[in-house]
A.B. asks: 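So that we are looking at the same thing, I have put the structure below in structure tokens.
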Amino acid sequence: MVLVAAYGAIVEANLLDTVTRDFWMPAAALGLVFLGMHLVIRWRAPFADPALLPAVALLNGIGVGFLRRLDLGKAAPAERETLAIFAGTGGRQLAWTLAAVILAAGLLVLMRDHRAVSRYAYTLGLAGIVLVMIPAVLPGRFSEINGAKLWIRVGGFSIQPGEFAKLALLVFFAYYLVRKREVLSLASRRILGIDFPRGRDLGPVLGVWMISLLVLVFEKDLGTSLLYFGMFVVTLYIATERVSWLLIGLVLFFGGAYLAYVLGGTVGGPFANFYTRAEIWLDPFAEPYDRGYQLVQGLLGLGSGGLFGSGPGAGEPLEIPEVQNDFIFAGIGEEIGLFGLTALLVVYLLIVERGLRAGLAVRDSFGKLVAGGLAFTLGLQVFVIVGGISKLIPLTGQTTPFLSAGGSSLMANWLLIAVLLRISDAARRPVAQGGGPAGRPGGGPPEQLHGAPTEVIRP
């Protein structure tokens, strides 16, 4: 929070030519919120990984600080010094942070053992599919923003259900794959040193592939489609350790995306939006003041930032459309440069690495798949959004975790961190404390909890 307070002071120095006496208040408010979360972790998950909360707090704090910087930039010069900390987008993000942390703390208190979630695997799987499909079947005026149908909008309120769907679907994937792991690991033939599965075992992958293509076509968003399919394929790889599943997944996804592009150029209809986004990606400067305007402005912002950036508050991020949402990474990059963006990516990498470490350390298969899947999903989401704004892949409607404005993304990702904290607590808890993934909470012999798979390690 000292870094967040320093960021706010530099923003005010560049925008106001002075530093107000209240520059530290957003960082102090965040500090109290995160201190409360720390106390809950010490109470309910004392052996949880100590690096997760500080890393997430830094990203969340920088996000709130940059959104307040945008509010200051939009305000009239005479009103900037008196702008309240809970005003504008930055103030709403501060309130959403409080709500998200309370939600994550509540989950950590209620979920004493991660294996208990497996009781609701099929219910969560059904709920995840429903959440994914609701925006696709709603009329565009209730679900569409910037061409992508990812929201539920009623009046002035909007929610992105797909952010919560990814958590529900991952729990179902983990539960299903633990039980089908032996079957899915069977090989039918060996090609170039790689064992490929039997044809009859391709059903689950083809089913999830079809759902991801439906998301691509009817919700008009490549990023969400890639996120769901990639999450399933990587979880399948973790469960079976078969590289062939990754190869099959890549061929299926890119083949489906290319087919959608071809159909968009020839047939149009529901494929037209993806075709348009692909055309913008291939040549955004063909129409730099029309269809390619957002991507062009984002690239110009990243380019003008250079290695070190113009400095917090000294750039022109408001020239980038939707800079508070999809393109927040480009707006921040203009002011902190390539080195600053690299530092943020390293913080994301640290969170992903710690999540994978928790998956490696925990002994039950369900926990391994959930932790590994959640960590990879977070990393994939960052890749999808950064790849979109840097023209590596077509633009997506994904938000940058913990940075972008919006309550849905913030709450869903804080819930993700709460689950990782719970699993890492189980992985790091000494057996003498009644923990250890092979033992039940409170000590005693290992047993199966609520029908969840638990592996017993015998001497």
A.B. asks: For N325, give me all partners under side-chain hydrogen bond (donor to acceptor under 3.5 Å, both in side chains), at least two apart in sequence or on another chain.
C.D. replies: E322
A.B. asks: Is there a side-chain contact between W281 and L395, using heavy atoms and a 4.5 Å cut-off?
C.D. replies: no
A.B. asks: Would you say S424's side chain and D49's backbone share a donor-acceptor pair under 3.5 angstrom?
C.D. replies: yes
A.B. asks: Would you mind reporting whether R429 and P46 have side-chain heavy atoms less than 4.5 Å apart?
C.D. replies: yes
A.B. asks: Would you name the heavy atoms of A165 and Y228 that are closest together and state the gap between them?
C.D. replies: CB-OH, 4.0 Å
A.B. asks: With sequence neighbours left out, write down each residue that passes side chain to side chain contact (heavy atoms under 4.5 Å, CB included) with A13, or none if nothing qualifies.
C.D. replies: V19
A.B. asks: Hey, are E81 and T20 close enough side-chain-wise for a donor-acceptor pair under 3.5 Å?
C.D. replies: no
A.B. asks: Determine, step by step, whether R153 and L138 satisfy the side-chain contact (heavy atoms from CB on, under 4.5 Å) criterion, reporting the C-alpha distance in whole Å, the side-chain angles of both residues, the deciding distance to 0.1 Å, and the verdict.
C.D. replies: CA-CA 10 Å; R153 303 167 62 197; L138 287 176; over 6 Å; no
A.B. asks: So how far is it from T89 OG1 to D71 CG, rounded to the nearest 0.5 Å?
C.D. replies: 4.5 Å
A.B. asks: Can you find a pair of side-chain heavy atoms, one from L302 and one from L341, that are under 4.5 Å apart?
C.D. replies: yes
A.B. asks: Begin with the C-alpha distance, continue with both residues' side-chain angles, and end with the deciding distance and a verdict on side-chain contact (heavy atoms from CB on, under 4.5 Å) for V382 and L345.
C.D. replies: CA-CA 8 Å; V382 174; L345 289 176; 4.0 Å; yes
A.B. asks: If you look at every heavy atom in V362 and G367, which pair is closest and at what distance?
C.D. replies: CG1-C, 3.7 Å
A.B. asks: Compare all side-chain heavy atoms of D364 with those of H114 and state whether any distance is below 4.5 angstrom.
C.D. replies: yes
A.B. asks: Sequence neighbours left out, what passes ring-ring contact (aromatic ring centres under 6.0 Å, His included) with F327? Give chain and number order.
C.D. replies: none
A.B. asks: What pair of heavy atoms forms the shortest contact from F376 to G230, and how long is it?
C.D. replies: CE2-O, 3.5 Å
A.B. asks: Between Y237 and V233, is a side-chain contact (heavy atoms from CB on, under 4.5 Å) present by the stated rule, with each step listed?
C.D. replies: CA-CA 6 Å; Y237 166 69; V233 171; 5.6 Å; no
A.B. asks: Quick one: side chain to side chain contact (heavy atoms under 4.5 Å, CB included) partners of I129, sequence neighbours excluded?
C.D. replies: M133, L169
A.B. asks: Y348 versus L59: any side-chain heavy-atom pair under 4.5 Å?
C.D. replies: yes
A.B. asks: What distance separates L349 CG from L378 CG, expressed to the nearest 0.5 Å?
C.D. replies: 10.5 Å
A.B. asks: Look at the aromatic rings of W414 and F402 and report parallel, tilted or perpendicular, splitting at 30° and 60°.
C.D. replies: perpendicular
A.B. asks: Once side chain to side chain contact (heavy atoms under 4.5 Å, CB included) is applied, do any residues pair with D283, and if so which ones, sequence neighbours excluded?
C.D. replies: F285, A286
A.B. asks: Backbone N or O of G315 within a donor-acceptor pair of the E335 side chain at under 3.5 Å?
C.D. replies: yes
A.B. asks: Any side-chain heavy atom of L226 within less than 4.5 Å of one from F253?
C.D. replies: yes
A.B. asks: With distance as the sole test, does R422 use its side chain to make a donor-acceptor pair with the main-chain N or O of R44 at under 3.5 Å?
C.D. replies: yes
A.B. asks: Quick check: closest heavy atoms across L282 and K391, and the distance to 0.1 Å?
C.D. replies: O-NZ, 3.9 Å
A.B. asks: Is there a donor-acceptor pair closer than 3.5 Å between any side-chain N or O of Y120 and the backbone N or O of V171?
C.D. replies: no
A.B. asks: Evaluate the side-chain proximity of L350 to V346: yes if any heavy-atom separation is below 4.5 Å, no if none is.
C.D. replies: no
A.B. asks: For F308, what residues pass the ring-ring contact (aromatic ring centres under 6.0 Å, His included) criterion, not counting sequence neighbours?
C.D. replies: F339
A.B. asks: Under the rule for side chain to side chain contact (heavy atoms under 4.5 Å, CB included), what residues qualify as partners of A260, not counting sequence neighbours?
C.D. replies: L216, F271, F274
A.B. asks: Distance check, rounded to the nearest 0.5 Å: L420 atom CG versus R357 atom CZ?
C.D. replies: 13.5 Å
A.B. asks: Tell me if the centroids of the rings in Y122 and Y175 come within less than 6.0 Å of each other.
C.D. replies: yes
A.B. asks: Would you give the length of the straight line joining atom CD1 of I385 to atom CD1 of I393, rounded to the nearest 0.5 angstrom?
C.D. replies: 8.5 Å
A.B. asks: For residues 31-40, run the donor-acceptor check on the side chains, cut-off 3.5 Å, and write out each pair with its distance to 0.1 Å, sequence neighbours left out.
C.D. replies:
none

A.B. asks: For the residue pair R80 and L72, what are the closest heavy atoms and their distance?
C.D. replies: NE-O, 2.8 Å
A.B. asks: Mind checking what makes side-chain hydrogen bond (donor to acceptor under 3.5 Å, both in side chains) contact with R428, not counting sequence neighbours?
C.D. replies: none
A.B. asks: Check the pair F86 / L94 against side-chain contact (heavy atoms from CB on, under 4.5 Å), numbers first and verdict last.
C.D. replies: CA-CA 7 Å; F86 285 103; L94 196 57; 3.7 Å; yes
A.B. asks: Looking at every heavy atom in both A168 and L124, which two are closest together, and how far apart are they?
C.D. replies: CB-O, 3.3 Å
A.B. asks: To the nearest 0.5 Å, what is the distance between CG (L374) and CG (L356)?
C.D. replies: 10.5 Å
A.B. asks: Taking the side chain as C-beta and beyond, is there a heavy-atom pair between L227 and V384 under 4.5 Å?
C.D. replies: no
A.B. asks: Checking the side chain of Y293 only, and the main-chain atoms of P321 only, is there a donor and an acceptor separated by less than 3.5 Å?
C.D. replies: no
A.B. asks: Is a side-chain donor or acceptor of K368 paired with a backbone partner of R363 at a separation under 3.5 angstrom?
C.D. replies: no
A.B. asks: May I ask you to decide if G309's main-chain N or O and E334's side chain share a donor-acceptor pair within less than 3.5 Å?
C.D. replies: no
A.B. asks: Can you list the residues that meet the side-chain hydrogen bond (donor to acceptor under 3.5 Å, both in side chains) rule with S409, with sequence neighbours excluded?
C.D. replies: T399, N413
A.B. asks: How would you list, by chain and number, every residue that makes a ring-ring contact (aromatic ring centres under 6.0 Å, His included) with Y176, sequence neighbours excluded?
C.D. replies: none
A.B. asks: To the nearest 0.5 Å, tell me how far L177 CG sits from F172 CZ.
C.D. replies: 8.5 Å
A.B. asks: Taking Q93 for its side chain and S404 for its backbone only, find out whether a donor-acceptor pair lies under 3.5 Å.
C.D. replies: yes
A.B. asks: Listed by chain and number, what are the ring-ring contact (aromatic ring centres under 6.0 Å, His included) partners of F329, not counting sequence neighbours?
C.D. replies: none
